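Below is one structure, written out as structure tokens; comments come after it.
Just so you know, these numbers come straight off a predicted model, no measurement behind them.
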Amino acid sequence: MNNLLIGEPPLQVLPSLAKIVGLNEAIVLQQFHYWLERSNNTRDGYKWIYNSYSKWNEQFPFWSNATLRRTINNLEKQGFFITANYNKAGFDKTKWYRIDYERVSNASAQNEQTSCSKCASASAQNEQTNTNRLPETTTETNNNTSDNKSDHIQYKQIIDYLNEKAGKHFKNVESNKKLIRARWHEGYRLDDFKKVIDNKVLDANDANSFFTDKYLQPSTLFGNKFDQYLNQQIKPKVEKGTKSYGGVEF
């Protein structure tokens, strides 16, 4: 009788998530999120995970293969999963998955408008007390799992830094937080946001650049080109007529 009680790391699911997407879908979505945070497979600026259905089924032994396929397909149809094929062999049709975190955030926001405060409190309590996860049998290699834990999103620090560097007065409102949240869930952190801001402030000050002061706003900086801006090599502006010799300007 004791083997039916909890003696192994349990699967975790929030009731509020199950209410939005369905119980089976919530279990799979949460498990995929767990492994995405620990994935080293980055393609096109996003983290991805992959597995065959038989391997995924090892993590959900209480379902038939057909039930698991149907659940994953439902999440894909609802837009919570984005799929791709980055396999080296052309004949390899194994799907790669990532979560559309913006889609999850939007669904959560819609649900919060109709949910009671008691449900929100229960969700928060459940999130704090359920921390253990089922070991993965995925075909990918996962290293440095402790380095990939999600930190508290530093909305205010990012907005304040943008205002300081760009001379703006943006507010820490939901429209701006939504953009920051999307990039944060993709694995970017405070230093990345600061570097993007620094890069584009320098860019806006360059007379030869198409990027001007009017583009120094969250919707542009923290949008789909965030990774491109982060990796942009921008040289500091040198005043005309300034020359140097041996490190000394004259």
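One finds the CG atom of Asp203 at 9.5 Å from the OG1 atom of Thr212 (value rounded to the nearest 0.5 Å). Summarising the geometry, atom CD1 belonging to Ile99 is positioned 9.0 Å from atom CD belonging to Glu37; distances are rounded to the nearest 0.5 Å. Taken to the nearest 0.5 Å, the CH2 atom of Trp35 stands 13.0 Å off from the CG atom of Asn41. The CD atom of Glu76 sits 12.0 Å away from atom CG of Asp100, with the distance rounded to the nearest 0.5 Å. Note that the CD1 atom of Ile27 and the CD atom of Gln30 stand 10.0 Å from one another [nearest 0.5 Å]. Between the NE2 atom of His33 and the CD1 atom of Ile49 there is a distance of 10.5 Å, given to the nearest 0.5 Å.
Listed by chain and number, the residues in a salt bridge (charged side-chain N to carboxylate O under 4.0 Å, His left out) with Asp192 amount to none (sequence neighbours excluded). Partners of Lys77 under the salt bridge (charged side-chain N to carboxylate O under 4.0 Å, His left out) rule, at least two apart in sequence or in another chain, do not exist in this structure. Take Arg98 and apply the salt bridge (charged side-chain N to carboxylate O under 4.0 Å, His left out) test, not counting sequence neighbours, and it matches no residue. Under the rule for a salt bridge (charged side-chain N to carboxylate O under 4.0 Å, His left out), the partners of Glu174 that lie at least two apart in sequence or sit in another chain are Arg181.
Nearest heavy-atom pair across His152 and Trp184 is O-CZ2, 3.4 Å. Contact detail for Val13 and Ala26: the closest heavy-atom pair is CG2-CB, 3.3 Å. Contact record, Ile159 with Pro218: CD1-CG, 4.5 Å, taken as the closest heavy-atom pair. Among all heavy-atom pairs drawn from Gln78 and Arg103, the shortest one is O-NE, 2.8 Å. Contact record, Thr83 with Lys95: CG2-CD, 4.2 Å, taken as the closest heavy-atom pair.
Exactly one of Tyr155, Phe193, Phe170 qualifies for a ring-ring contact (aromatic ring centres under 6.0 Å, His included) with Phe222. That residue is Phe193. Of the residues listed (Tyr50, Trp48, Trp56), the one engaging Phe32 in a ring-ring contact (aromatic ring centres under 6.0 Å, His included) is Trp56, and it is the only one.
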Q.
Quick one, Asn199 with Leu230, criterion side chain to side chain contact (heavy atoms under 4.5 Å, CB included). Give me CA distance, side-chain angles, the key distance, then yes/no.
A. CA-CA 7 Å; Asn199 281 350; Leu230 177 63; 5.7 Å; no
(Q) Between Phe226 and Leu221, is the side chain to side chain contact (heavy atoms under 4.5 Å, CB included) condition met? List the steps. (A) CA-CA 6 Å; Phe226 185 89; Leu221 298 176; 6.0 Å; no
Q: Please assess Gln232 against Lys200 for the test side-chain hydrogen bond (donor to acceptor under 3.5 Å, both in side chains), listing each intermediate value before the final yes or no.
A: CA-CA 9 Å; Gln232 187 174 357; Lys200 301 318 290 181; 2.8 Å; yes
Q: Show your reasoning for whether side chain to side chain contact (heavy atoms under 4.5 Å, CB included) applies to Asn87 and Lys93.
A: CA-CA 7 Å; Asn87 302 305; Lys93 302 302 180 183; 5.9 Å; no
Q: I would like to know whether Leu162 and Ile158 meet side chain to side chain contact (heavy atoms under 4.5 Å, CB included); could you show each step before the answer?
A: CA-CA 6 Å; Leu162 172 58; Ile158 293 168; 5.8 Å; no
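Put simply, the side chain of Asn172 reaches to within 4.5 Å of the side chain of Lys177, judged on heavy atoms. Between Phe81 and Val28 the shortest side-chain heavy-atom distance falls below 4.5 Å. In this structure the side chain of Arg183 never reaches within 4.5 angstrom of the side chain of Asp227, judged on heavy atoms. Residues Thr220 and Phe211 have side chains in contact (heavy-atom distance under 4.5 Å, counting atoms from C-beta outward). Proximity of Asn51 to Glu58: side-chain heavy atoms (C-beta onward) are nowhere separated by under 4.5 Å. You'll find the side chain of Leu190 reaches within 4.5 Å of the side chain of Lys194, heavy atoms only.
A single hydrophobic cluster is not seen to contain both Val173 and Ile180; linkage of ILVMFWY side chains at heavy-atom distances under 4.5 Å, directly or through other members, places them apart. Under the 4.5 Å side-chain heavy-atom criterion for Ile, Leu, Val, Met, Phe, Trp and Tyr, Tyr53 and Phe80 are members of the same hydrophobic cluster.
Remark: aromatic rings of Tyr46 and Trp96 are distant, center separation not under 6.0 Å.
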What side-chain donor-acceptor pairs closer than 3.5 Å can you find for residues 60-69, not counting sequence neighbours?
| residue | atom | partner | partner atom | Å |
| --- | --- | --- | --- | --- |
| Ser64 | OG | Thr67 | N | 3.1 |
| Ser64 | OG | Thr67 | OG1 | 3.0 |
| Asn65 | OD1 | Arg69 | NE | 2.8 |

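Open room surrounds CG on Asn224; 12 or fewer heavy atoms of other groups in view lie less than 6.0 Å from it.
Residue pairs satisfying the salt bridge (charged side-chain N to carboxylate O under 4.0 Å, His left out) criterion with at least one member in residues 207-223, sequence neighbours excluded, are listed as follows: Lys168-Asp213.
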